[in-house]
**Student:** 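Got a structure for you, questions after.
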Amino acid sequence: MVGLERGGGEKGLGRALAASSGGGDMTFKLVLLRHGEGAWNKENRFCSWVDQRLTPNGIKEAQTCGKVLKEAGFEFDLVFTSILSRSIETSWLVLQEMEQEWVQTESSWRLNERHYGALIGLNRAELASIHGEEKVKLWRRSYDITPPPIDESHSHFHEIYNDRRYNYCDVAKEKLPKAESLKEVLDRLLPYWYDVIVPEIKKGKCILISAHGNSARALLKHLEGIPDDEIVNVTLPTGVPVLLELDENLHPVRPHRFLGNQEAIQAAIKKVEDQGKAAAPGKNISVSAN
Ligand SMILES: O=C(O)[C@@H](COP(=O)(O)O)OP(=O)(O)O
């Protein structure tokens, strides 16, 4: 289990603190989470809108996350997830571990992972050995570079766009993205943030958002005002809760904090970053380097 750092200093962190008013100023607490490891995270393939289940390790990560949050005293009032199974499954495991399975959950495609377009299914290390690590880093971490779009010839196109979960979105299926930059993720996420999530936060509810590496990065960028050229340095590991403390205008009162064993978390971040390092070229890679 991931232990709590700073001599158990995280204990009580979440207690009665959805909204607190120490010194008269209201502080809202929000926990952002990237789901536990999924099958394609393990295989180092861009997963994006392909629906993949958690690995046994991903299940453990989600359970550990639940333990950390429980030990810190969090009591959630509402949970938001994407409509991808790995974020939903993660939220179930977290709530189960916290004995808060009853907490209401709402899911939206607007919290889905960034649409990686034609890169979906490709192995990052193999891609880096063909196009270079810098190019792969730009595709993965830049703010406004959109990868090449997916089209009908892609082996996962029909699996994604024929999936009936997308019948229930608030935009027509034909209007759903075919590739997204981080900026475009933020553009589709913000209406949901302001219309649905913010009003609940302002009611003083303690909220967990179980999402994805890039949908969570986009929201972090927005909330913390991270400049376009600095968001490239922000990477989120799987299954680690990120605590945000916001004032009444939803401005951060301090930088976000990863909860859990800080050494293990830094190692997990490095592991995600290293996924883009070049390996021996593989077969079946075809994406134009535009
Ligand atoms: O789409 C994917 O493969 C990863 C992110 O990949 P990177 O941006 O880290 O390459 O998203 P997630 O596992 O959070 O759903």
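Numbering of ligands and ligand atoms starts at 1, following listing order. These values consider heavy atoms only, across backbone and side chains, with no hydrogens, waters or symmetry-generated copies.
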**Student:** Distance under 6.0 Å and angle within 45° of the ring axis: does Lys221 meet both against Tyr143?
**Tutor:** yes

**Student:** Once you measure the plane-to-plane angle for Phe80 and Tyr192, does it fall in the parallel (<30°), tilted (30-60°) or perpendicular (>60°) bin?
**Tutor:** perpendicular

**Student:** If you have a sec, work out which protein heavy atom is nearest atom 8 (O) of ligand 1 and how many Å separate them, to one decimal?
**Tutor:** Tyr116 OH, 2.6 Å

**Student:** Under 4.0 Å from a heavy atom of Arg45: which atoms of ligand 1 are those, numbered in the order shown and with their elements?
**Tutor:**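 Within the 4.0 Å cut-off of Arg45, ligand 1 contributes 3 (O).
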
**Student:** For Val234 and Arg141, which heavy atoms make the closest approach, and how far apart are they?
**Tutor:**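 Where Val234 meets Arg141 most closely, the heavy atoms are O-CD, 3.8 Å.
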
**Student:** Determine the minimum heavy-atom distance between Val31 and Pro241, stating which atoms define it.
**Tutor:**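 In terms of heavy atoms, the two residues are closest at CG1-CB, 3.8 Å.
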
**Student:** Among all protein heavy atoms, pick the one closest to atom 6 (O) of ligand 1 and tell me residue, atom and distance.
**Tutor:**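 For this ligand atom, the closest protein heavy atom is Arg124 NH2, 2.9 Å.
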
**Student:** Numbering the atoms of ligand 1 from 1, which are under 4.0 Å from a heavy atom of Asn214?
**Tutor:**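 Once the distances to Asn214 are compared, the set is 5 (C), 8 (O).
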
**Student:** Does the cation-pi check pass for Lys178 over Tyr161, that is, NZ or CZ under 6.0 Å from the six-membered ring centre and within 45° of its axis?
**Tutor:**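 Pair Lys178/Tyr161 counts as cation-pi.
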
**Student:** List every atom of ligand 1 that sits less than 4.0 Å from any heavy atom of Arg140, numbering the atoms from 1 in the order shown and giving each element.
**Tutor:** 7 (P), 9 (O), 10 (O)

**Student:** Check whether any heavy atom of Ser48 sits under 4.0 Å from an atom of ligand 1.
**Tutor:**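 The answer is yes, since Ser48 has a heavy atom less than 4.0 Å from ligand 1.
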
**Student:** My understanding is that only one of Val196, Ile83, Val171 makes a side-chain contact (heavy atoms from CB on, under 4.5 Å) with Arg110; could you say which?
**Tutor:** Val171

**Student:** Applying a strict 4.0 Å limit to heavy atoms, is His35 in contact with ligand 1?
**Tutor:** yes

**Student:** Report the part of Arg141 (side chain from C-beta onward, or backbone N, CA, C, O) that has a heavy atom under 4.0 Å from ligand 1; answer both or neither where that applies.
**Tutor:**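 Answer for Arg141: side chain.
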
**Student:** What part of Glu113, side chain, backbone, both or neither, has a heavy atom within less than 4.0 angstrom of ligand 1?
**Tutor:** side chain

**Student:** Taking all non-hydrogen atoms of both residues, which atom of Ser215 and which atom of Leu111 are closest, and how far apart?
**Tutor:** OG-O, 2.9 Å

**Student:** Please identify which atoms of ligand 1 are closer than 4.0 Å to at least one heavy atom of Asn41.
**Tutor:** 13 (O)

**Student:** I need the single residue from Tyr166, Trp109, Trp49, Phe46 that forms a ring pair (Phe, Tyr, Trp, His ring centres under 6.0 Å) with His115. Which is it?
**Tutor:**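 Going through the options one by one, the only one that passes is Trp49.
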
**Student:** Using a 4.0 Å cutoff against the non-hydrogen atoms of Gly213, which atoms of ligand 1 qualify?
**Tutor:**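 Those atoms are 14 (O).
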
**Student:** Mark up the atoms of ligand 1 that fall under 4.0 Å of a heavy atom belonging to His212, in ascending order.
**Tutor:** 14 (O), 15 (O)

**Student:** Specify the closest pair of heavy atoms between Gly260 and Val68, including all atoms of both residues, with the distance to one decimal.
**Tutor:** N-CG1, 4.1 Å

**Student:** For ligand 1, indicate whether the residue Trp40 contacts it via side chain, backbone, both or neither (heavy-atom separation under 4.0 Å).
**Tutor:** neither

**Student:** Between Leu84 and ligand 1, which part of the residue brings a heavy atom under 4.0 Å of the ligand: side chain, backbone, both or neither?
**Tutor:**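 Neither part.
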
**Student:** Ring-plane angle category for His256 and Phe258, please: parallel below 30°, perpendicular beyond 60°, tilted otherwise.
**Tutor:**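 Aromatic pair His256/Phe258 classed perpendicular.
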
**Student:** Counting from 1, what ligand 1 atoms have a heavy atom of Phe46 closer than 4.0 Å?
**Tutor:**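 So the answer, numbered in order with elements, is 3 (O), 10 (O).
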
**Student:** How close do Thr81 and Ser107 get, counting heavy atoms only, and between which atoms?
**Tutor:** OG1-OG, 2.7 Å

**Student:** N/O of Cys47 under 3.5 Å from N/O of ligand 1, yes or no?
**Tutor:** yes

**Student:** Check ligand 1 against Arg34 and write out every atom of the ligand that is under 4.0 Å from a heavy-atom position of the residue.
**Tutor:**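 Answer, ordered by atom number: 4 (C), 5 (C), 11 (O), 12 (P), 13 (O), 14 (O).
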
